[in-house]
Amino acid sequence: MKTRSKLAPAAIPFAVVLIVVMLVVPAPPAVLDLLITINITIAVLVLLLSMRVRRPLDFSVFPSLLLIATMFRLALNVSATRLVLLHGSAGHVIQSFGQFVVGGSVLVGLVVFMILVIIQFVVITNGSGRVAEVAARFTLDAMPGKQMAIDADLNTGAIDEVTARKRRQEVADEADFYGAMDGASKFVKGDAVAAMIITAVNLIGGLGVGIVQRHESLTSAISHYSLLSIGDGLVSQIPALLLSVSTGLIVTRAASDDEFGTDVMGQFTRQHGALRTAGVAVCLIGLMPGMPKLPFLTVGVVTFIIGQQAKTANAAKAVADAIEPVMPAALPDSTEALLAGGRVEALEIELAVDLVDLVDVARGGDLLDRVKALRRKVATDLGIVIPPVRTRDNVDLPPATYAVRLHEVEVGRGTAPAGRVLAVGTYLDQLPGDLTTEPVFGMPAKWVPLEFRQQAMASGCAVVDRSAVITTHLNEIVRQHAGSLLTRQRVKELLDIVKHTDSVVVEEITAAQLSLGELQAVLRGLLDEGVPIRDLVRIFEAVSLTARVTKDPDALIEAARSTIGQAIAGQYVVDGILPVVTFEPSLEHRLIDALRPGDGGASVVLETDMAERLFAEVGSVSRRIEDQGRRPVLVVSARLRPALRRLLHAAVPNLPVLSVNELTGQLRPERMGVVSLDLATV
């Protein structure tokens, strides 16, 4: 094996050098016979390989091999011409082709040779060249789309970086291959032209040598030299024809899981009706008066029998395919297989049986495509790639119901009845359908029949199809639980990405002795509060600096928030104004005094009555501002912010809590309300 690997790189260049040497150095007749036999063998081998490859790229060396084979054949022409003109002989192979193949007739030989040239040049070569040209152009035009599809699959997590790199390389190789085939087809066309010219020159030169130099009669010269020239032309033209056919097969071959012969037989036998009809038609032609009955009836009966057997085989296969899913499959009992079978999916959508059409592409279902688009959007907005969403049916769900599960725990449920669209608006009473509540914002809505879609839009309602309702609901759930979807493996992948662009940042994290778990806690804390983690470099810089002093998760999170504070507060700015709610100073001091450390971070410890009054007043101030069409944020000191946010989250979940350290840059805060223990003023 090692010897072959060492000789292989030098064998082909050495063979090419020998081909060049053949153009100037005479070859003995015995050597020429051997080389002609090798030439025919190579042509047959290339033809068989062209039919056995499953896709063109499996024979990617074909364009270069075609050039070498063409050069080899032309070198043989030159060597044979030299021997014919010098010695009146060119070996046994050419002599046999001149005598046996064409029966020793010059006229028959010329006719056969011209027919072969016409077949190769007019039919096969022109067609192959045109197909190669079109394939090269279409492949180049399709490259951007294929690259975008690969990038989209990579962004959605459908493939990993290694697979994406491999697929990109395959796209580039495919474009290079068809571009090379477009040029290589010109070799075949030029070879056909050269064959005609060389044969004509040999005929004229042979007659001249025989009559002028050897003083032979015209009849003897024609009989001797013409047969040798035609034999030489046939010996070179037959391999050339095989390579032309190989070129046509390669450029017209579509990617398949089987070989060419298997594909042909399989596709013919699947159309058993056509085979039987063809057999009957051929038999009827044979029964016509004056037609030879034996060949037509024989072929017709054989074709009909093949079609009948194909029908029986296809029916048996269909029955086997129908029975196979019912038969219980052998369950793998390896540890890896058992663990993989019991793996808990991070995110699932369960559909009632009557909602399966939403994932059936043949019936116009686009839910899977929308989920993929959602994964791309979440990656763009939040900076994380959520795991693939598993979609499956559940016969236990009520009709028209879907459920979203997070780590096998149901976190959302809704309905999406078939043949309906969701109308969200004010004038719902004018529309037929079933009243419901929009699952994300809790707005009144109605599932109206599909034929009333235009009427609902005309009445000023927002109309949403079923797939969009499910996807929007899933989007809200993903954003609410983004922190729990961020695994340590994902954190490691994010670190690797930063390492490629800003390796110093990762080195700082390592020097600060921050573990993946501690980084995961920081990123989860940010995501749980709706903070995107796209700016990983600055987040990691702030965390690594603070970690030299303390590893407290709240302190690390606050350091990261202070660094990207302008981006956090910018989410709530409208027309350049940030609506702000603050605490009355004495109340804020009292809350700071109530801070107590704990395992899950600091917490604000208040009496039950005081906590209830605080919840009520914060909620009241927040609702008054929201009624004015503004979304307020509560701004407190950085020391109080984490504990206060945990305290208020259950009572006022939609109220963002920011620290004063985050109000940086060009933000224009506008105080819209103040919370005190006694009253809330706006």
Trainee: Side chains of Leu422 and Val463: closer than 4.5 Å at any heavy-atom pair?
Mentor: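 In short, these two side chains do not touch, never coming nearer than 4.5 Å.
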Trainee: Test of understanding: with side-chain hydrogen bond (donor to acceptor under 3.5 Å, both in side chains), list the residues that count as partners of His589, not counting sequence neighbours.
Mentor: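 Per chain and number, His589 pairs via side-chain hydrogen bond (donor to acceptor under 3.5 Å, both in side chains) with no residue.
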Trainee: Just to verify, what does Arg524 make a salt bridge (Lys or Arg N to Asp or Glu O under 4.0 Å) with, not counting sequence neighbours?
Mentor: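 Scan of Arg524 (salt bridge (Lys or Arg N to Asp or Glu O under 4.0 Å), adjacent residues dropped) gives none.
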Trainee: For side chain to side chain contact (heavy atoms under 4.5 Å, CB included), just list the numbers for Glu541 and Thr563, CA-CA rounded to whole Å, side-chain angles, deciding distance to a tenth of an Å, and then say yes or no.
Mentor: CA-CA 9 Å; Glu541 285 177 348; Thr563 301; over 6 Å; no
Trainee: Keeping the roles fixed (side chain from Ser562, backbone from Glu558), state whether a donor-acceptor pair exists under 3.5 Å.
Mentor: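 It does hold such a pair.
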Trainee: For the backbone of Glu348 and the side chain of Glu345, can you confirm whether one donor and one acceptor N or O come within less than 3.5 Å of each other?
Mentor: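 Here the side-chain-to-backbone pair does not exist.
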Trainee: So, do Arg668 and Val580 sit near enough that their side-chain heavy atoms are less than 4.5 Å apart?
Mentor: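 No - every pair of side-chain heavy atoms lies 4.5 Å or more apart.
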Trainee: For the side-chain hydrogen bond (donor to acceptor under 3.5 Å, both in side chains) test, which of Arg466, Glu350, His473 pairs with Tyr402?
Mentor: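 Exactly one candidate clears the test, His473.
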Trainee: Could you check whether any side-chain heavy atom of Leu494 comes within less than 4.5 Å of a side-chain heavy atom of Leu523, counting everything from C-beta outward?
Mentor: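 Yes, close enough: below the 4.5 Å cut-off.
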Trainee: Can you check whether Leu374 reaches Leu474 side chain to side chain, under 4.5 Å on heavy atoms?
Mentor: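 SC-SC contact between Leu374 and Leu474 confirmed.
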Trainee: Let me know which of Arg641, Arg646, Arg479 forms a salt bridge (charged side-chain N to carboxylate O under 4.0 Å, His left out) with Glu529.
Mentor: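 Option passing the salt bridge (charged side-chain N to carboxylate O under 4.0 Å, His left out) with Glu529: Arg641.
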Trainee: Has the side chain of Ser544 got a donor or acceptor atom that lies under 3.5 Å from a matching backbone atom of Phe540?
Mentor: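 Confirmed, Ser544 side chain pairs with Phe540 backbone.
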Trainee: Just verifying a value: how many Å separate Asn394 CG and Leu355 CG, rounded to the nearest 0.5 Å?
Mentor: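 Result: 11.0 Å between the selected atoms.
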Trainee: Flag the pair Asp554 and Arg645 as a salt bridge only when some basic side-chain nitrogen lies within less than 4.0 angstrom of an acidic carboxylate oxygen.
Mentor: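 No.
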Trainee: Checking Glu518 side chain against Pro553 main chain: does a donor-acceptor pair fall under 3.5 Å?
Mentor: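 Checked: no pair found.
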Trainee: Using the side chain to side chain contact (heavy atoms under 4.5 Å, CB included) rule, take Leu397 and Leu351 through it: C-alpha gap first, then chi angles, then the decisive distance, then the call.
Mentor: CA-CA 7 Å; Leu397 286 176; Leu351 302 174; 5.8 Å; no
Trainee: Pair up each side-chain donor or acceptor in residues 503-513 with any protein partner under 3.5 Å, not counting sequence neighbours, and list the distances.
Mentor:
from, atom 1, to, atom 2, distance (Å)
Glu508, OE1, Arg548, NH2, 2.8
Thr510, OG1, Val506, O, 3.0

Trainee: Check whether any side-chain heavy atom of Pro387 lies under 4.5 Å from a side-chain heavy atom of Arg490, and answer yes or no.
Mentor: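 Heavy-atom side-chain distance check passes, below 4.5 Å.
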Trainee: Does the pair Val356 and Val359 meet the rule for a side chain to side chain contact (heavy atoms under 4.5 Å, CB included), with working shown?
Mentor: CA-CA 6 Å; Val356 176; Val359 297; 4.2 Å; yes
Trainee: Between atom CG of Leu663 and atom CD1 of Ile568, what is the distance when rounded to the nearest 0.5 Å?
Mentor: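 It comes to 10.5 Å.
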Trainee: Mark yes or no for whether Thr401, through its side chain, and Pro399, through its backbone, hold a donor-acceptor pair below 3.5 Å.
Mentor: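 It does hold such a pair.
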Trainee: For residues 441-458, dump all side-chain donor-acceptor pairs below 3.5 Å to protein atoms at least two apart in sequence or in another chain.
Mentor:
from, atom 1, to, atom 2, distance (Å)
Lys446, NZ, Leu428, O, 2.9
Lys446, NZ, Leu431, O, 2.8
Trp447, NE1, Thr415, OG1, 3.4

Trainee: Please lay out, stage by stage, how Arg376 and Asp381 fare under the test salt bridge (charged side-chain N to carboxylate O under 4.0 Å, His left out).
Mentor: CA-CA 9 Å; Arg376 291 193 293 271; Asp381 293 346; over 6 Å; no
Trainee: Rounded to the nearest 0.5 Å, what separates atom CG in Leu486 from atom CG in Leu519?
Mentor: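 Going from CG on Leu486 over to CG on Leu519, the span is 10.0 Å.
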Trainee: Can you list the steps and then say if Leu647 with Leu606 is a side chain to side chain contact (heavy atoms under 4.5 Å, CB included)?
Mentor: CA-CA 10 Å; Leu647 179 67; Leu606 299 176; 4.1 Å; yes
Trainee: Evaluate the side-chain proximity of Val635 to Val581: yes if any heavy-atom separation is below 4.5 Å, no if none is.
Mentor: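 They are not in contact (no side-chain heavy atoms under 4.5 Å apart), so the answer is no.
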Trainee: Can you find a pair of side-chain heavy atoms, one from Arg630 and one from Ile577, that are under 4.5 Å apart?
Mentor: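 When only atoms from C-beta onward are counted, Ile577 and Arg630 do touch, with a gap below 4.5 Å.
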Trainee: Give a yes or no on whether a salt bridge exists between Arg623 and Asp627, defined as a side-chain N under 4.0 angstrom from a carboxylate O.
Mentor: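 No, no charged N to carboxylate O under 4.0 Å.
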Trainee: Evaluate whether atom CZ of Arg392 has more than 12 neighbouring non-hydrogen atoms of other residues, nucleotides or ligands under 6.0 angstrom away.
Mentor: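 Atom CZ in Arg392 is crowded, with more than 12 foreign heavy atoms closer than 6.0 Å.
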Trainee: Name the one of Ile539, Ile557, Ile564 that satisfies side-chain contact (heavy atoms from CB on, under 4.5 Å) with Val531?
Mentor: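 The passing option is Ile564.
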Trainee: Working to the nearest 0.5 angstrom, can you tell me the gap between Leu644 CG and Leu655 CG?
Mentor: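 The CG atom of Leu644 sits 9.0 Å away from the CG atom of Leu655.
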Trainee: Within the distance-only criterion (no hydrogens, no angle test), does the side chain of Ser620 pair as donor or acceptor with the backbone N or O of Ala616 below 3.5 angstrom?
Mentor: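 No; judged by distance alone, with no hydrogens or angles, the pair does not exist.
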Trainee: For residues Pro632 and Met672, determine if any side-chain heavy atom of one lies less than 4.5 Å from a side-chain heavy atom of the other.
Mentor: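 No; the side chains remain at least 4.5 Å from each other.
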Trainee: Check this for me: does any side-chain nitrogen of one of Arg590 and Asp593 sit under 4.0 Å from a carboxylate oxygen of the other?
Mentor: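 Answer for the salt bridge query: no.
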Trainee: According to side-chain hydrogen bond (donor to acceptor under 3.5 Å, both in side chains), who are the partners of Asp528, at least two apart in sequence or on a separate chain?
Mentor: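 Expected list: none.
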Trainee: Between Asp434 and Arg420 (salt bridge meaning N to carboxylate O under 4.0 Å), is one present in this structure?
Mentor: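 Looking at Asp434 and Arg420, the cut-off is met.
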Trainee: According to salt bridge (Lys or Arg N to Asp or Glu O under 4.0 Å), who are the partners of Arg165, at least two apart in sequence or on a separate chain?
Mentor: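 Salt bridge (Lys or Arg N to Asp or Glu O under 4.0 Å) check on Arg165 returns Glu161.
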